Amino acid sequence: MRLTDRQFWEHRWRSRAEAKPAERIHPGSMPFHPLLVKTLPRGGSYVEVGCAPGRNMVYFHRTFGYRVAGIDYVADDICRRTLDENHVEAYQLYHLDFLEELPPARFDVVASFGFVEHFTGL
C-alpha cells in the first residue's frame, strides 16, 4: 500500500524548486561516502529509484565515474536541473512508476536512498 500519492510528491518538489536554486553537490554530502569508496568499483552504470532531486546521481557520477540514470514519477525536471547545474552531461531519466514498470536497461549498481519507506507490504 502506498503511503503517499503523486499529488503529494508533485506539490513537494514544485514548492521546493520554487524556493531554492539547484543544489551544488560535494562528496562530503553523502553520509555513506567512506564505506562506498572502499567497496564500489570505478566505472560502470548506476540507477537510483526515487532519484529526485538528483544529488545522489551527481555524487555517483563524480565519485565513481558512473553513467547515471534515475527513476522518478514526478520530478524529472528537478533532477535535470540538479544534474545540469553540476555539469553531468550524460544521464538518463525514466519518468515512470517503479512499482508498475521497470526501465529497459540493466545497471551495475541499483540504489535507493528514500523510497521504500513510503510503502507498506512490499
Side-chain angles (χ1 to χ4, degrees):
M1 175 169 78
R2 296 168 191 261
L3 300 176
T4 61
D5 61 14
R6 186 179 298 266
Q7 184 179 6
F8 169 85
W9 289 111
E10 287 174 352
H11 174 63
R12 178 168 195 256
W13 291 118
R14 296 298 156 247
S15 62
R16 183 173 179 175
E18 294 167 4
K20 66 184 212 179
E23 300 180 50
R24 292 194 177 262
I25 310 305
H26 184 275
S29 65
M30 173 58 78
F32 304 110
H33 178 73
L35 175 65
L36 294 173
V37 296
K38 289 180 184 177
T39 58
L40 292 178
R42 305 275 185 232
S45 59
Y46 166 90
V47 65
E48 181 176 3
V49 179
C51 64
R55 66 178 159 259
N56 294 324
M57 293 170 61
V58 172
Y59 167 79
F60 280 88
H61 174 73
R62 282 188 184 162
T63 306
F64 300 101
Y66 289 159
R67 292 180 319 277
V68 295
I71 301 168
D72 209 291
Y73 76 160
V74 296
D76 53 318
D77 57 332
I78 293 166
C79 291
R80 281 184 215 293
R81 197 172 94 183
T82 300
L83 292 161
D84 293 345
E85 180 71 23
N86 287 277
H87 310 290
V88 177
E89 295 178 10
Y91 55 85
Q92 179 68 48
L93 292 175
Y94 298 96
H95 185 89
L96 54 85
D97 184 335
F98 182 76
L99 297 178
E100 296 176 9
E101 183 181 8
L102 296 176
R106 293 181 180 253
F107 301 93
D108 298 313
V109 176
V110 177
S112 179
F113 299 96
F115 173 76
V116 297
E117 70 271 17
H118 300 287
F119 304 90
T120 62
L122 292 180

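Because the structure is a prediction, the values reported are computed rather than measured.
Residues passing the side-chain hydrogen bond (donor to acceptor under 3.5 Å, both in side chains) test with Tyr94, sequence neighbours excluded: none. The ring-ring contact (aromatic ring centres under 6.0 Å, His included) test applied to Tyr66 returns Phe64, not counting sequence neighbours. With sequence neighbours excluded, the residues satisfying side-chain contact (heavy atoms from CB on, under 4.5 Å) with Ala111 are Tyr46, Phe113.
The minimum heavy-atom distance linking Arg55 with Thr82 is given by the pair N-CG2, 4.0 Å. When all heavy atoms of Leu93 and Cys79 are compared, the pair lying nearest together is CD1-CB, 3.9 Å. Residues Pro34 and Lys38 come closest through the heavy atom pair O-CG, 3.3 Å. Across all their heavy atoms, Val49 and Ser112 have their closest contact at O-OG, 3.2 Å.
With rounding to the nearest 0.5 angstrom, the OH atom of Tyr91 is 8.0 Å from the CE atom of Met57. Atom CD1 of Ile71 is separated from atom CD of Gln92 by 10.0 Å, given to the nearest 0.5 angstrom. A distance of 6.0 Å separates CZ in Phe60 from CG in Leu40, rounded to the nearest 0.5 Å.
Other residues, nucleotides and ligands place more than 12 heavy atoms under 6.0 Å from the CZ atom of Arg42.
Looking only at side-chain heavy atoms (C-beta outward), Arg62 and Asn86 come within less than 4.5 Å of each other. Looking at heavy atoms from C-beta onward, Arg67 lies out of side-chain contact with Phe107 at the 4.5 angstrom threshold.
Judged by distance alone, the side chain of Ser45 and the main-chain N or O of Asp108 form a donor-acceptor pair under 3.5 Å.
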Side chain to side chain contact (heavy atoms under 4.5 Å, CB included) between His87 and Val58, intermediate numbers included: CA-CA 9 Å; His87 310 290; Val58 172; over 6 Å; no
